[in-house]
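Below is one structure, written out as structure tokens; comments come after it.
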Amino acid sequence: MKTQIFKPDLHNIKICSKLLKESQIVGVPTETVYGLSANAYDDFAIDEIFKAKGRPIDNPLIVHIGNIDMLYQLVSDVCITRKRLIEKFWPGALTIIFKKSDMVSKKITAGLDTVAIRFPNNPIILNLINESNLPLAAPSANKSGKPSPTKASHVFDDFNGIIPGILDGGECQIGVESTVVNVKCNKIEILRPGNVTLNMLKESFLDLNIEESYLKKFKTIDKIVSPGLKYKHYSPNANVVILRGELDKFKKYLSYKNNKTDCALVFDEDEEHMNFPCIPYGPKDDSIIQAKFLFSCLREIDKRNIQNLYVRYPCEKNIGEAVLNRLIKASDFEVIDLV
Ligand code: TXA
Ligand code: MG
């Protein structure tokens, strides 16, 4: 099979819509990262997504909708808190967990009674959903465990010859995946940090408890988190280590490392001071830019065949929570405090 990259005009949206109706998978841009989309009502196509990605079958998929009517076919209950979340943040980079309706197959939900739904804010995927009139199940369009794709060429690198086509929407605006939340009584639980941040949720819902339920710990040299909590993800082939501390300590640490096989992921302003191979991932205090370019940089590391990647600890504010979360997982929780 030859994988085509489609310009996202109406003619090609119609071609892709037809492919979806024939149980095929289509690569599609969203405002966060590219997705690997299929008809959410087609169990055969859902199986094909899991196979193509090499995704464990116990990891459920997100269903993308293009209008609110679609939501009511997919879920059995929309409580007042979820309604408020929808009004405030949809369309956008927020995925909400609901109790599923009978229309949703357990293949999508990995056997759970809940389903994750997102109304994306990108005209290309919205055109595809509305042209096909299908909700689209779509995980990020990377091989399982690899960095998510933020350009059509990244999807092509992972799925050339495996899927028939990719709609090319250029570079994704946000660059990290959506925030995933669950709602329990008067509590919103953040299961994965993203562009809709803890602060945004706190400011919008003063009457509710907002809880971060994702793993924030990391192992330091003398402290290793429970191995059962570890789950490597978003990772290039290189071994990734995050180093927390000032630039001079970072440089000193690298002076003992191999500059032929290793590389550093640094801030833009560090680059001119480095005497070690490095790739910049954005200005020190600009989490929005760091989020946008993080995955591209990790993919570039794979292209350069690097053995060890040493990363400057990101700014943790706002979307920086998501940047740190992805880096911690890519590093397999390996963060070292420089002394
Ligand atoms: O921005 C995004 O969310 C991108 C774009 C393509 O929309 N999609 C994405 O999908 O990141 P994926 O499959 O890579 O991540 C989905 C996350 C996984 O961590 C999965 O475990 C979680 O959502 N998830 C899905 N259904 C769930 C459910 N019913 N309960 C709890 N977590 C769920
Ligand atoms: Mg993913």
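When a ligand or atom number is given, it counts from 1 through the structure's own listing order.
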ask   = Going through the distances and angles, do Ser148 and Glu177 end up as a side chain to side chain donor-acceptor pair (under 3.5 Å)?
value = CA-CA 8 Å; Ser148 292; Glu177 307 84 347; 2.5 Å; yes
key: Working for side-chain contact (heavy atoms from CB on, under 4.5 Å), residues Val323 and Phe293   = CA-CA 10 Å; Val323 173; Phe293 294 111; over 6 Å; no
task = Using the salt bridge (Lys or Arg N to Asp or Glu O under 4.0 Å) rule, take Asp113 and Lys106 through it: C-alpha gap first, then chi angles, then the decisive distance, then the call.
result = CA-CA 8 Å; Asp113 289 328; Lys106 286 208 169 176; 3.2 Å; yes
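If you check each of Ser140, Gly35, Ala110 against atom 14 (O) of ligand 1, the one with the closest non-hydrogen atom is Ser140.
The nearest protein atom to atom 22 (C) of ligand 1, hydrogens excluded, is given as Pro60 O, 4.4 Å; this is a heavy-atom distance. With respect to atom 4 (C) of ligand 1, the closest heavy atom belonging to the protein is Val33 CG2, 3.8 Å. Closest to atom 3 (O) of ligand 1, if we only count protein heavy atoms, is Ser178 OG, 2.5 Å. Closest to atom 16 (C) of ligand 1, if we only count protein heavy atoms, is Ile62 CD1, 3.5 Å. Scanning all protein heavy atoms for the shortest distance to atom 29 (N) of ligand 1 gives Thr114 OG1, 3.1 Å. Given atom 7 (O) of ligand 1, the protein heavy atom at minimum distance is His64 NE2, 2.7 Å.
When only interatomic distances are considered, the shortest N/O to N/O separation between Tyr34 and ligand 1 does not fall below 3.5 Å. At least one N or O atom of Arg192 sits closer than 3.5 Å to an N or O atom of ligand 1. Checking only distances, Thr30 never comes within under 3.5 Å of ligand 1, N or O to N or O. The shortest N/O to N/O separation between Lys53 and ligand 1 does not fall below 3.5 Å.
Here the side chains of Val176 and Val33 are not in contact, with every heavy-atom distance at 4.5 Å or above. Side-chain contact check for Val183 versus Thr81: some heavy-atom pair is nearer than 4.5 Å.
Judged purely by distance below 3.5 Å, without hydrogens or angles, the side chains of Arg84 and Ser204 never pair a donor atom with an acceptor atom. Side chains of Ser178 and Thr95: a donor on one and an acceptor on the other come within 3.5 Å. Donor-acceptor pairing under 3.5 Å is recorded for the side chains of Asn237 and Lys146. With 3.5 Å as the limit, one finds a donor-acceptor pair spanning the side chains of Ser105 and Asp43. When only modelled atom types and interatomic distance are considered, Asn142 and Asp158 share no side-chain donor-acceptor pair under 3.5 Å.
Heavy atoms of Leu112 come nearer than 4.0 angstrom to ligand 1 in at least one pair.
At a heavy-atom cutoff of 4.0 Å, ligand 1 is contacted by no atom of Lys100, backbone or side chain.
Aromatic ring centroids of Tyr310 and Phe250 lie 6.0 Å or more apart.
In the vicinity of Pro139, heavy-atom distances shorter than 4.0 Å reach the ligand 1 atoms 10 (O), 12 (P), 13 (O). Short contacts between ligand 1 and Ile97, defined as distances under 4.0 Å to a heavy atom of the residue, involve ligand atoms 27 (C), 28 (C), 30 (N), 31 (C), 32 (N), 33 (C). For ligand 1, the atoms closer than 4.0 angstrom to any heavy atom of Asn59 are 18 (C), 20 (C), 21 (O).
The distance from the Mg ion (ligand 2) to the nearest N/O/S atom of Ser140 is under 2.8 Å.
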